[in-house]
Amino acid sequence: MKLFNTMTRKKEEFVPLEEGKVRMYVCGPTVYNLIHIGNARPMIVFDTVRRYFEYKGYDVNFVSNFTDVDDKIIKKAIEEGVSADEISKRYIAECKKDMEGMNIEPATKNPLATEEICGMVEMIQQLIDKGYAYEKNGTVYFRTRQFKEYGKLSHKNLDDLRSGNRTLLVSGEDEKEDPLDFVLWKPKKEGEPAWESPWSDGRPGWHIECSVMSKKYLGEQIDIHAGGEDLVFPHHENEIAQSEAANGKPFAKYWMHNAFLNIDNHKMSKSLGNFRTVREISEQYDLQVLRFFMLSAHYRSPLNFSADLMEASRNGLERIVNAAENLKYLSGNAKTADMSREETEALAKTEEYVKAFEAAMDDDFNTADAIASVFDLVKYCNTTAGEDSSAAYAKGLLEVLERLCNVLGLIVVKETEMLDEDIEALIEERQAARKAKNFARADEIRDELAARGIILEDTREGVKWKRA
Ligand SMILES: [Zn+2]
């Protein structure tokens with residue numbers, strides 16, 4: 001399995017730090033508003049990366065933070081006349097709703113910056129003690145030039161940075177030793193949320209959050225650190241400097257970044273008026289369509305969002321869903337139960353599509369090619385399964401199709417609520433089985449119903465049932 005490492009600018013074979021395990025950190029959103037579709041891309045991409053690792057049998061510890069203290073949150077709180085805490089809590093809840101709609105698996109842990117301040121104060125102190133940071137008038141800065149490998153992720157040279165960033169010299173932070181130094185801790189201004197520290201009552205800089213949360217929940221060294229490509233510099237570069245200076249060890253083994261998202265061939269921006277939230281999209285489309293759209297391109301290719309492409313995605317997804325529904329219908333209405341010898345052979349042939357799918361995913365998570373092999377499988381299902389197929393064959397095909405779609409996070413068969421008459425038919429069958437002393441079958445039916453949320457009660461008047 002190969003993935004592209006931003007650090008080495010090469011596709012590398014994935015070798016985990018610990019066998020069978022993946023420790024993965026993805027920078028999460030700053031929560032001051034509904035998330036936009038640019039935020040959705042890394043969520044969908046890295047959720048798919050995680051799902052594929054899980055499919056391959058890895059145990060994935062997936063940590064993604066919420067930045068819940070920030071200038072933008074404070075600004076919004078002042079505008080609305082509420083606390084910053086109220087703003088961040090509200091938008092974390094809204095973000096989780098959107099993530100559920102996009103079928104993003106909940107993270108192993110979603111740490112909040114405001115709950116991890118202690119660890120940040122500790123790491124900042126460590127950096128000061130080691131000579132990597134200094135305090136001036138209550139502000140703590142990272143001494144960038146002290147970290148000799150600064151620039152190794154973004155492939156930037158310190159001297160170029162300095163000449164290219166003359167504005168840094170006049171940014172009002174003239175108390176810094178060097179314009180390249182960045183903030184680890186800043187004192188509060190009137191009315192801002194603040195925490196105690198040895199340097200001032202204030203709050204942490206953005207970069208230190210991720211270094212600390214990643215260390216706390218995943219350890220000093222992790223397998224994969226990921227995010228949007230706009231985070232490479234300065235955010236991830238600064239995270240590396242902080243973590244490696246403090247811990248004295250390489251931070252992440254692989255750095256993964258998704259490319260940006262344009263809207264109608266323009267950069268998304270509030271001033272252009274082409275800003276789209278996930279919530280707005282959800283009013284027009286099932287968010288599964290948005291997910292399908294995001295995965296239809298390779299994650300390192302820029303992606304253009306347009307009405308036409310969303311329509312094409314809707315149609316594409318529908319083709320897969322129709323095939324799955326057809327298989328489900330066939331398996332429920334087949335004339336024969338068991339597979340013929342020809343069918344057994346035909347089902348074995350689906351392995352070809354599975355292999356093509358895996359080859360695409362093994363090649364730096366090429367979801368575009370993976371989707372192409374799902375379409376090939378759909379075509380195979382549509383041409384080889386029909387009214388004469390056995391239930392087992394239709395079910396076998398559906399299982400393969402669902403397994404692959406599940407890696408992509410696409411739900412192709414929705415669990416429908418059981419009809420009353422179907423429930424009653426099963427209860428009757430269970431009674432008959434009991435009478436015939438076939439208790440195994442009777443238990444099986446009870447379990448099946450329980451799995452669908454139907455609870456049975458044996459009463460003197462007979463069996464009663466209710467929905468859980
Ligand atoms: Zn981060």
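For the single chain, residues carry numbers from 1 onward in sequence order. For ligands, and for the atoms within them, numbers begin at 1 and follow the listed sequence.
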Asks: Is the distance between the ring centroids of Tyr150 and Phe147 under 6.0 Å?
Replies: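 No - the distance between ring centres of Tyr150 and Phe147 does not fall below the 6.0 Å cut-off.
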
Asks: For Asp201, enumerate each residue passing the side chain to side chain donor-acceptor pair (under 3.5 Å) test, keeping only those at least two apart in sequence or located in another chain.
Replies: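 Side chain to side chain donor-acceptor pair (under 3.5 Å) list for Asp201, sorted by chain: empty.
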
Asks: Run the side-chain donor-acceptor check on residues 395-405: report pairs under 3.5 Å with partners two or more places apart or on a different chain.
Replies:
none

Asks: How are the rings of His257 and Trp255 set to each other: parallel, tilted or perpendicular (split at 30° and 60°)?
Replies: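 If you compare the ring of His257 with that of Trp255, the planes turn out parallel.
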
Asks: Side chains of residues 76-83: which donor-acceptor partners sit under 3.5 Å, not counting sequence neighbours?
Replies:
residue	atom	partner	partner atom	Å
Glu80	OE1	Arg90	NH1	3.2
Glu80	OE1	Arg90	NH2	2.8
Glu80	OE2	Arg90	NH1	3.2
Ser83	OG	Glu86	N	3.1

Asks: Leaving waters out, which protein N, O or S atoms fall under 2.8 Å from the Zn ion (ligand 1)?
Replies: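 Near the Zn ion (ligand 1), the protein supplies Cys27 SG, Cys210 SG, His235 NE2, Glu239 OE2.
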
Asks: Do Tyr285 and Glu280 have a side chain donor and acceptor closer than 3.5 Å?
Replies: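 No pair is found: no donor N or O on one side chain lies under 3.5 Å from an acceptor on the other.
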
